[in-house]
Amino acid sequence: MNDILGDWKRSHYCGHLTAADIGSTVCMMGWVQRRRDHGGLIFIDLRDREGIVQLALDPDRDPDAHSRADKVRNEFVVAIQGKVSPRPEGTVNPKMKTGEVEVEVSELRILNTAQTPPFMIDEYSEAAENIRLKYRYLDLRRPTIQDNLVMRHKVARTVRRYLDANGFLEIETPVLTKSTPEGARDYLVPSRVNSGTFYALPQSPQLFKQLLMVSGYDRYFQIVKCFRDEDLRADRQPEFTQIDCEMSFVSRDDVMTIMEEMISTIFKEAIDVDVQLPMAHLTYAEAMDRFGVDNPDMRFGLELTELSDLVAASGFKVFADVVAKGGIVKAINVKGGASFSRKELDDLTEFVKIYGAKGLAWVKMTEEGWQSPIAKFFSENDLSAINERLAAELGDLLLFVADKPKITNEALGRLRGHLGQKLELAQKDDFRFVWITDFPLLEWDEESKRHVAVHHPFTAPMDEDISLLDSDPGKARAKAYDLVLNGSEIGGGSIRIHDQSVQSRMFKLMGIEQEEAREKFGFLLDALEYGAPPHGGIAFGLDRLMMILSGSDSIRDVIAFPKTQKATCLMSEAPGTVDEKQLRELSIRLAKSK
RNA sequence: GGGGCUGUAGUAGAGUCGGUUACAACGCCGGCCUGUCACGCCGGAGGUCGCGGGUUCGAGUCCCGUCAGCCCCGCCA
């Protein structure tokens, strides 16, 4: 039988006791981190959310409390009363925040017992993630995850304060909403009242926040769950949180300026880092040219250099043919990389193949010049021209990819990121922001043989490119912007289309028939005809932002109850089956499984 | 849909060329210990080697399949 809490009231958190509390009588509650039984004296480390403090139980002083402490085990929930004392000379523990003091316990109540947990609740034990996820409520007791969630709270608080101070209103939008074409696969919720129909969970509150602008709310924000039924990654969960914002009567620069200040405030308040403003800008075209990707990690160089013109007429047929067929040849110069082993080079080759490259050509800069399987195909003139453009020096490693532009850029761009990690060119506490702007508006999709929106279908074209919508839509650029931090896209947004006729043209360009557009987006098209102001906004991925702020490698470490890669919850065992009765009410019959 | 890594007491690991009763650590249980703090010392319990099949006189070990977790490609406006 457990002891009752009675009328005891907590006076202090464990982690808050300091030398200033010496002499005072305190009441504390928490979990037993550890018990050290010295035969006579018993020490208990008592833990709560704020930290750990040592309890001392002396059999001579308080025999009753001491005998109760004898029964205590790890993770028992106890309440104590006692006096804060300085630790005897020589027993101060400088490793603990509360290490100068201890509590001489006069009374101890065991509020609840606990089974031996499957893993130790401390920063040392390394349980496998499936065990941690199954017992997530225990894993969440560990300090590293607690720190992450506390920081997440502080970031959310900073966001609310900042946006409130800047005139944004927090307004909720529906979670049960309507499936729309384009974008990710929807999570669907069957409607009982309207048999045979389905709600969709929002991939983002995009349409609703635009409607709020039409309604004149001027500045909106929400910290909101979004749902996308796609496969997971280390930085991707099926339900994730966005900091979602929208503003009326603004330009791209207005949005970027106010948002980079918000990010800077977050970094200052969460981790005390000063972010230099204004942040760097790159056009999409420049990012692709120099880094091969639209989310470049700006913490290191290793930029891509195009060599197509130099190798087009060279004796190396592989390169020349690629250029002749409209492809490109690019290279990166890995300073000091000539020491790479054959195995390492083979691994790099395997790496670029993941992204569709057929191979990776390499050159080691040695005393004798080019050491490379492809050296023999190039004339002295070719070699020196390439060397000069790549600024190749003794000891460097040159890596080449030749393919269609898309593949060359992605393969080398990803290789660049990979090498940055491998060579430790990027530090976790170095934060390099860059806005990527001037994205293409549309992209040709081979599969469906039509244009699809690069950002989303409501993104406005750049004013000077509007005429391109008729002549060469693939060339039109969008008033879109992404914020990239250390190679991770942490936010993206755009100025939206507020003109119904432009919106209709966009749908048409994307092969969405008028009838379909009316059915799917009719309410938006209608709203645009009732005095829609120019507006635009942005959404930040809070989870990804938290990963970077906390230095976590996995998105699961910044989410209290995350899902596995197969989108299941090992703790609740969701998703699960439901009763036949529930299915009947929803007019749903399951297809026979194979 | 595809590629890769991992799976052995509660936990995280070792386990050789296929060979006796599957090791030691942490944790757990018991005992001792009045200044420890990831306490210490002594003793003890604890195993469906993920699961199924196959090869073999014999499988944790080799082969096939399968399940789960993780990383990646595709996918993610």
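In what follows, every chain begins at residue 1, and chains take the letters A, B, ... in the order their sequences are listed.
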Nearest-Å distance once atom P is located in both B:rU61 and B:rU56
16 Å
In the structure shown, which nucleotide is the Watson-Crick or G-U wobble counterpart of B:rG18, with both distances under 3.5 Å?
none
Without decimals, in angstroms, what is the distance between A:Asp553 CG and B:rC5 P?
21 Å
So what does A:Asn93 hit on the nucleic acid, given a heavy-atom distance under 4.0 Å: a base, only sugar-phosphate, or nothing?
base
Going by ring centres under 5.5 Å and near-parallel planes (under 30°), is A:Phe119 stacked on B:rG10?
no
Strictly below 4.0 Å: does A:Arg556 bring a side-chain N or O up to OP1 or OP2 of B:rC71?
yes
Taking the C1' atom in each of B:rG7 and B:rG19, what is the distance between them to the nearest angstrom?
25 Å
Who does B:rC37 pair with, Watson-Crick or G-U, both distances under 3.5 Å?
none
Measure the acute angle between the ring planes of A:Phe351 and A:His418, then classify it against the limits of 30° and 60° as parallel, tilted or perpendicular.
parallel
Provide the distance between the two C1' atoms, one in B:rC76 and one in B:rU16, to the nearest whole Å.
47 Å
For atom CZ of A:Phe351 and atom C1' of B:rC71, their distance in whole Å
12 Å
Does the structure show a Watson-Crick or G-U wobble partner for B:rG43, both distances under 3.5 Å? Name it, or say none.
B:rC29
Contact class for A:Ile131 (heavy atom, under 4.0 Å): base, sugar-phosphate, or nothing?
sugar-phosphate
Tested for side chain to side chain contact (heavy atoms under 4.5 Å, CB included) against A:Ile80, the lone hit among A:Leu57, A:Leu108, A:Val53 is A:Leu108
Separation of A:Lys353 atom NZ from B:rC72 atom C1', in whole Å?
17 Å
Show your working on salt bridge (Lys or Arg N to Asp or Glu O under 4.0 Å) between A:Glu239 and A:Lys563 and close with a plain yes or no.
CA-CA 9 Å; A:Glu239 56 175 305; A:Lys563 299 215 166 29; 3.0 Å; yes
For a side chain to side chain donor-acceptor pair (under 3.5 Å) check, start with the C-alpha distance between A:Ser204 and A:Gln242, then their side-chain angles and the critical distance, and finish with the verdict.
CA-CA 8 Å; A:Ser204 85; A:Gln242 285 190 346; 4.8 Å; no
Salt bridge (Lys or Arg N to Asp or Glu O under 4.0 Å) assessment of A:Lys178 paired with A:Glu519
CA-CA 11 Å; A:Lys178 194 178 170 185; A:Glu519 189 204 331; 5.8 Å; no
Indicate, with a heavy-atom threshold strictly under 4.0 Å, whether A:Gln565 touches base, sugar-phosphate, or nothing.
base
Considering only atom C1', compute the distance from B:rU8 to B:rA59 and round it to an integer number of Å.
14 Å
Give none if B:rC75 has no partner; otherwise give the nucleotide forming a Watson-Crick or G-U wobble pair with it, both distances under 3.5 Å.
none
Rounding to a whole Å, what distance do you find between A:Asn130:CG and B:rG50:P?
13 Å
So, is A:Arg414 close to the B:rC73 phosphate, meaning a side-chain N or O under 4.0 Å from OP1 or OP2?
yes
If you look at every heavy atom in A:Ile548 and A:Ser488, which pair is closest and at what distance?
CD1-CB, 3.9 Å
Would you please indicate if the ring centroids of A:Phe458 and A:Phe521 are separated by under 6.0 Å?
yes
Mind checking the P distance from B:rU11 to B:rG47? Whole angstroms is fine.
13 Å
Roughly how many Å is it from CG in A:Asp139 to P in B:rU11, rounded to a whole number?
14 Å
What is the per-nucleotide protein-contact pattern of nucleotides 26-36 of chain B, from the 5' end, where B denotes a base atom under 4.0 Å from a protein heavy atom, S denotes such proximity for sugar-phosphate atoms only, and - denotes neither?
-SSSS--BBBB
Have a look at A:Tyr355 and say if it touches a base, only the backbone sugar-phosphate, or nothing, with a 4.0 Å heavy-atom cut-off.
sugar-phosphate
Can you tell me whether the side chain of A:Arg132 and the base of B:rG69 have a donor-acceptor pair closer than 3.5 Å?
no
Taking atom C1' in both B:rU6 and B:rU66, compute the distance separating them and give it to the nearest angstrom.
16 Å
Pick base, sugar-phosphate or nothing for A:Ser494, based on heavy-atom distances below 4.0 Å to the nucleic acid.
nothing
A:Phe240 has an atom CZ; how far is it from atom C1' of B:rC76, in whole Å?
9 Å
Atom CZ of A:Arg142 and atom P of B:rA12 are separated, to the nearest Å, by 10 Å
Hey, which sits more toward the 5' end of RNA chain B by its nearest nucleotide, A:Ala184 or A:Met96?
A:Met96
Separation between the C1' atoms of B:rC42 and B:rA68, rounded to whole Å
41 Å
Contact class for A:Thr180 (heavy atom, under 4.0 Å): base, sugar-phosphate, or nothing?
nothing
Please assess A:Thr144 against A:Asp147 for the test side chain to side chain donor-acceptor pair (under 3.5 Å), listing each intermediate value before the final yes or no.
CA-CA 5 Å; A:Thr144 42; A:Asp147 289 348; over 6 Å; no
For B:rG58, what is the paired nucleotide under Watson-Crick or G-U wobble rules, both distances under 3.5 Å?
none
Given B:rA38, is OP1 or OP2 found less than 4.0 Å from the side-chain N or O atoms of A:Lys95?
yes
Nearest-0.5 Å distance that lies between atom CG in A:Leu188 and atom CZ in A:Phe227
12.5 Å
Classify the nucleic acid contact of A:Pro118 as base, sugar-phosphate or nothing, counting any heavy atom under 4.0 Å across all strands shown.
sugar-phosphate
OP1 or OP2 of B:rA68 under 4.0 Å from side-chain N/O of A:Lys566
yes
When the C1' atoms of B:rU20 and B:rG15 are considered, how many whole Å apart are they?
15 Å
Would you say the side chains of A:Thr18 and A:Glu100 form a donor-acceptor pair under 3.5 Å?
no
Look at the side chain of A:Arg236 against the base of B:rC76 and say whether a donor-acceptor pair falls under 3.5 Å; ignore hydrogens and angles.
yes
